[in-house]
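Numbering starts at 1 and runs along the sequence shown. Just follow the structure's listing: the first ligand is 1, and inside any ligand the first atom is 1.
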Amino acid sequence: MAGPAGVGHTENWSSRFAFVMAAVGSAVGLGNLVRFPAEAGSNGGGAFVIFYIFCVVMIGLPVLLAETVIGRYGKSSAVDSVSKLARASGRSPLWAAAAFVGMLGAYFILTYYSVIGGWVVYFAGVFVDDMASAVSGGTLTQGAFAGQNSEDVASMLGTLHGNAEMMVAMHALFMAITIFVVARGVTGGIEKVAVWLMPTFFLLFLAITVYSMLTGAFTETLSFLFSFEPSRLLDPNVMLSALGQALFSLSLGSALMITYGAYASADTDLAKTSGMIGSADTSVAIIAGLAIFPIVFAAMTPDLLAEVLSGEKPVPQGLGLMFSTLPVSFQTMPGGSLIGLLFFVMVFFAALTSSVALLEASVSWASRQFNISRSMTAVVLGLMAFAIGAVASFSFNTLADFKPLPFGIFDGLELFSILDTVTGKIMLPVSALLVAIFVGWIADKRIINAQNGLSGGTLALWRFLIAWLCPLVIAAILFFGLFPNLIKG
Ligand code: PFF
């Protein structure tokens with residue numbers, strides 16, 4: 001059923017709840033649980049958090065509304081929705097490039113996202129194993145990995161990296177589940193997974209956060225995350241990281257929210273729904289910090305913790321925070337085996353609902369474009385993404401020294417990091433920038449205003465943000481992201 005001003009034909013979410021859960025499921029993922037705490041940790045805690053919230057409100061939410069508006073109007077794949085809106089506005093259908101770049105970006109993210117999804121599955125397996133020995137050894141109330149030394153636990157990620165077969169097998173499993181869900185369709189697959197997994201995710205997330213606050217170093221975490229030196233607030237590097245993270249976390253500039261908006265029914269209030277998606281995603285990112293750092297800090301010696309809090313020593317960064325520091329920290333937490341297992345199951349749920357969205361963006365386009373069934377398209381595109389991801393995963397072993405693009409921001413990066421950089425620093429910002437310009441300046445205002453559910457002052461504010469602030473700020477991220485040397489020093 002098409003909306004009042006909609007053209008084309010597509011499946012609809014069966015309820016607003018399903019739409020919100022699927023969109024929140026796409027937004028909440030490894031970006032919130034792995035990337036946000038790591039970025040906050042390496043960018044001065046509080047300053048990053050404050051600027052991040054600013055970016056979500058001033059840039060993320062307006063672009064999110066713009067993307068869902070385009071989707072609900074077009075009722076088709078992201079690319080077709082933009083070109084329909086362009087035509088109806090008397091403009092060139094080539095504006096569809098805005099969605100095409102984003103869709104390609106989402107596809108490339110999928111290739112490496114699934115590799116990390118595979119690690120999550122692997123670590124869930126490690127904790128299942130550990131729990132089985134804790135049950136048989138009667139050590140369930142003690143820390144995880146009883147009797148193992150912490151260096152061995154810390155090196156589990158490194159060991160996995162050295163084991164190419166295992167890594168590819170886990171990546172294959174994660175991708176197979178993603179393909180299966182997308183192949184079953186919007187209401188039969190994507191929505192079913194979202195309405196079951198996301199509420200379960202929130203329950204687990206709440207339980208782990210409360211546990212972490214009660215048993216971990218909570219006060220230290222608060223002072224780490226929410227106190228800041230005002231000078232760092234104006235540090236351009238901190239600002240750029242916060243902006244990039246906000247786009248990635250809200251799944252913007254990746255054609256996804258256009259794609260999911262196309263399945264929204266005519267009576268869905270898009271402004272309200274965008275607000276809900278944005279606040280859920282941001283709360284999860286910030287609360288993830290409140291869940292992870294108390295566990296990590298509690299496992300540190302008092303001296304090390306003091307050095308970390310005073311900024312003398314950095315907090316463990318990047319993927320190591322979740323897959324190396326955290327497992328070691330569970331060794332000293334009561335009930336560590338069970339909590340560790342629940343933790344990785346929770347991360348798996350979040351990662352799966354995001355990878356499903358990443359694949360759906362291109363499946364919805366390719367199946368129409370080439371007139372192939374959805375399930376066949378999901379299998380073909382999923383297998384291709386699997387192959388690219390498998391090659392990229394060799395960056396952690398045999399291809400560690402293969403750094404094929406020795407220039408600019410790609411200099412010194414292996415394939416895995418190239419995929420992350422080209423998508424996060426180029427494709428997503430370019431797509432979000434084009435979407436903002438398209439909705440702010442090119443598309444017919446009457447069509448846009450009939451879809452967005454805003455009026456009066458909020459409509460005027462949104463129009464200002466999408467036409468002026470968003471393009472300027474996103475163009476700035478893009479520029480400084482490509483030429484980082486200009487702001488160093
Ligand atoms: N928003 C997801 C996360 O935070 O993990 C990742 C993501 C999904 C990014 C889809 C981009 C995207 F198109």
### Message
Can you give me the closest heavy-atom contact between Val24 and Phe202, atom names plus distance?
### Response
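Between these two residues, the closest heavy atoms are CG1-CZ, 4.1 Å.
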### Message
With a 3.5 Å distance limit and no angle check, can you tell me whether Ser354 reaches the backbone of Ser26 through a side-chain donor-acceptor pair?
### Response
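Side chain of Ser354 to backbone of Ser26: a pair is present.
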With atoms numbered from 1 as shown, which atoms in ligand 1 lie under 4.0 angstrom from a non-hydrogen atom of [X]?
{"X": "Leu30", "result": "5 (O)"}
{"X": "Leu256", "result": "10 (C), 12 (C), 13 (F)"}
{"X": "Leu358", "result": "8 (C), 10 (C), 12 (C), 13 (F)"}
{"X": "Asn32", "result": "4 (O)"}

Does the N or O separation between [X] and ligand 1 drop below 3.5 Å for any pair?
{"X": "Ile109", "result": "no"}
{"X": "Gly31", "result": "yes"}
{"X": "Ala27", "result": "yes"}
{"X": "Ser249", "result": "yes"}

### Task
Run the contact test for Ser26 against ligand 1 with a 4.0 Å cut-off on heavy atoms, strictly below, and give the result.
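Yes.
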### Query
Hey, is Phe36 one of the residues with a heavy atom under 4.0 angstrom from ligand 1?
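Not so, Phe36 does not reach ligand 1.
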Minimum-distance protein heavy atom relative to [atom]:
{"atom": "atom 9 (C) of ligand 1", "result": "Phe248 O, 3.3 Å"}
{"atom": "atom 8 (C) of ligand 1", "result": "Ser251 OG, 3.4 Å"}
{"atom": "atom 13 (F) of ligand 1", "result": "Ser254 OG, 2.4 Å"}
{"atom": "atom 5 (O) of ligand 1", "result": "Tyr113 OH, 2.5 Å"}

Under 30°, 30 to 60°, or over 60°: which ring-plane class applies to [X] and [Y], parallel, tilted or perpendicular?
{"X": "Tyr263", "Y": "Tyr260", "result": "tilted"}
{"X": "Phe416", "Y": "Trp119", "result": "parallel"}
{"X": "Phe19", "Y": "Trp13", "result": "parallel"}
{"X": "Phe483", "Y": "Phe479", "result": "tilted"}
{"X": "Trp365", "Y": "Phe370", "result": "perpendicular"}

### Message
A quick test of your reading: do over 12 heavy atoms of other residues, nucleotides or ligands sit less than 6.0 Å from CZ of Arg16?
### Response
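Count over threshold, so yes.
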#### Entry: Carboxylate-amine/guanidinium proximity below 4.0 Å for Glu360 and Arg374
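Yes, Glu360 and Arg374 are salt-bridged.
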